[in-house]
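See structure below.
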There are 2 protein chains.
Amino acid sequence: MFGTTDSPLMDLPQDDTRAPASRPVRFSAEKAATPSAQCSSCMLRHICMASNLDDSDVARLNNVVRNWRMVKQGQALYRAGDPFQSIYAVRSGSFKTVLSHQSGREYVSGFFLSGETIGLDGISTEAHACDAIALEDSAVCVIPFHLLEALCREVRSLQQQVHKMMSAEIVRETGQMMLLSNLTAEQRVAAFLLNISARLQRRGFSPTSFTLRMTREDIGSYLGMTLETASRTLSRFQQEGLIRVQGKQIDLLDLEALDMR
Amino acid sequence: MFGTTDSPLMDLPQDDTRAPASRPVRFSAEKAATPSAQCSSCMLRHICMASNLDDSDVARLNNVVRNWRMVKQGQALYRAGDPFQSIYAVRSGSFKTVLSHQSGREYVSGFFLSGETIGLDGISTEAHACDAIALEDSAVCVIPFHLLEALCREVRSLQQQVHKMMSAEIVRETGQMMLLSNLTAEQRVAAFLLNISARLQRRGFSPTSFTLRMTREDIGSYLGMTLETASRTLSRFQQEGLIRVQGKQIDLLDLEALDMR
DNA sequence: CGTGCAATTGAGAAGTTTCAAAAAGCGTGG
DNA sequence: CCACGCTTTTTGAAACTTCTCAATTGCACG
């Protein structure tokens, strides 16, 4: 995870990204062998796609989400241009999504924690628009999208959940654009720390003490500033007693003051 | 529209945003009175939600999209906080979406031309996240979202189209974030002009001569700069012979050079 | 216990914003 | 139809934030 290093919960590094795309969507497929009933017993169930589903629907979802995959730190879950077949729910660990510009520049467009969903960008063109890189050794649930779509045609609550997830991603990005265009470097870094803090808290981690898994360069890119400015801003916050910084280890000392920025 | 003023195609300023939310979704509703078969004869059909649908599916969609609404210049199609019921396809005219920050600052998060869809931000929280303001006298098709969802459960191609639209909005915003965080003011303005140009061309308007319906302040906000910087940049482009500016009237003289920025 | 990547820090340069003033455009009402 | 008032746009100059380049330090991994 992000804050605390958790013991590896799984093995089976099966790569099942290559979904049976040509195979027609039969719902007999739902009844296929299911190694372990993940969703129903998953700790992330309430913050994942399965939230707001009743037990029987979770069981059906579970038949769509049959496989998961491990991704080692620094490795790509997918790359820009890869044909789109599945979306992914982060089981453990964390990811960044990276968009490359023609100029060779790279832009970190998002960070994703456990329970969050990656890959929605690929739906529109049927090819992924960015790279998804693991920030630490991570695992994802593989959700073949055509199966999910098929199930959404049958399960209304799931359909609504998927629509809400996509909409939430749109809203998140709108907020990020506002941040990039309106806030100072200080305000952006403060907002970033508070955002991470809130998301970790939601997952049961300390909201005030955590390890950033990404580099200063990643943070800077995500926040629209250079790595030096990101570093300097963190240092300044430390000098002012708002936070404590020790490399990637961060302690938030004054949440109120951070929010004031 | 954006470039050319088109004659008002319609009357009937019926406001039907208040959809029959409590009424159970019966598809008999699809057969209800349909004043005019809009979608099937709509010039925007191929760039709208109806693209990639066959005739019979367009007819069914048409029963969901039964009403449209006029919005006068400067008026709001919806406001942040309004309960979410419908999404809207721009029939004629154009809109901006505006996000307000706690600090009182406003941020223009997007511009929308005919055939484009507004309101997807409201799905996640069931309340709109921003204001949608008409940049000129405009008209929109009202698409009650619960009806659209119901139809998507029956018509696979429509379901896919809706998912692609949402994903495209995610990708668009990702690109905008990259623009905001990586490009100089000059590059942003150039990218903006080329983007508008391409979208107008797609709609059959001149890609090199058009009227911007938004103010310099809107442009600046959208591009993460002050209105003065936006204005100055346009002036500089004119001095360099890349464009011709006369207030809101823009002529692109050297598309290649603009693209080089 | 090096070696190399990541992070910090400094100082000057550059781009953008801010404040200010004037010009231009637009709609309204006489 | 023109005059008036208001908004929008343009342009200038100084101030400020952020970037760039550069050097140093710290940390992790082999």
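Chain letters run A, B, ... following the sequence lines, proteins first and then strands; every chain starts at 1.
Two residues are said to be in side-chain contact when any heavy atoms from C-beta on lie closer than 4.5 Å; B:Leu135 and B:Asp218 meet this criterion. Inter-residue side-chain proximity for A:Arg236 and A:Glu240 is flagged as met; some heavy-atom pair is nearer than 4.5 Å. Side-chain atoms of A:Leu212 and A:Phe192, non-hydrogen and from C-beta on, do get closer than 4.5 Å to each other.
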- What string of B, S and - do you get for nucleotides 14-22 of chain C 5' to 3' if you count protein non-hydrogen atoms under 4.0 Å? --SBBB---
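Rounded to whole angstrom, the span from the CD atom of B:Glu136 across to the C1' atom of C:dC26 amounts to 16 Å. Distance A:Arg216 CZ to D:dT25 P: 19 Å, rounded to the nearest Å. Whole-Å rounding puts the A:Leu227 CG to C:dC5 P distance at 15 Å. A:Ile250 places its CD1 atom 10 Å from the P atom of C:dA7, with the value rounded to the nearest Å. One atom, CZ of B:Arg213, and another, C1' of D:dT7, lie 17 Å apart when rounded to the nearest Å. When rounded to the nearest whole Å, the span between CD of A:Gln238 and C1' of C:dA7 equals 13 Å. Distance CD (B:Gln249) to P (D:dT9): 14 Å, rounded to an integer number of Å. The nearest whole Å value for the distance from the CG atom in B:Leu180 to the P atom in D:dT18 is 15 Å.
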Below 3.5 Å between N/O atoms, which protein atoms pair up with nucleotides 2-5 of chain D? Just atom names and distances, please.
none

- side chain to side chain contact (heavy atoms under 4.5 Å, CB included) between B:Phe95 and B:Ser138, worked out: CA-CA 8 Å; B:Phe95 287 82; B:Ser138 303; 3.5 Å; yes
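A centroid separation of less than 6.0 Å is found between the aromatic rings of B:Phe111 and B:Tyr222.
If you check every strand for non-hydrogen atoms under 4.0 Å, B:Leu234 touches nothing.
Between A:His128 and A:Tyr78, the angle of the ring planes stays under 30°, which puts this pair in the parallel group of the 30/60° scheme.
Between A:Ser231 and C:dT9, a side-chain N or O to OP1/OP2 separation shorter than 4.0 Å is absent. The shortest distance between the side-chain N/O atoms of A:Lys248 and the OP1/OP2 oxygens of D:dA28 is not below 4.0 Å.
A donor and an acceptor atom, one from each side chain of A:Ser209 and A:Gln249, are located under 3.5 Å apart.
Note on B:Arg203 versus B:Glu116: salt bridge recorded, some NZ/NE/NH1/NH2 to OD/OE distance being below 4.0 Å.
Paired with A:Leu113 under the rule side chain to side chain contact (heavy atoms under 4.5 Å, CB included), one option of A:Arg213, A:Arg199, A:Arg202 passes, and it is A:Arg199.
Between B:Gln73 and A:Ser235, it is A:Ser235 whose nearest contact on DNA chain C lies nearer the 5' terminus.
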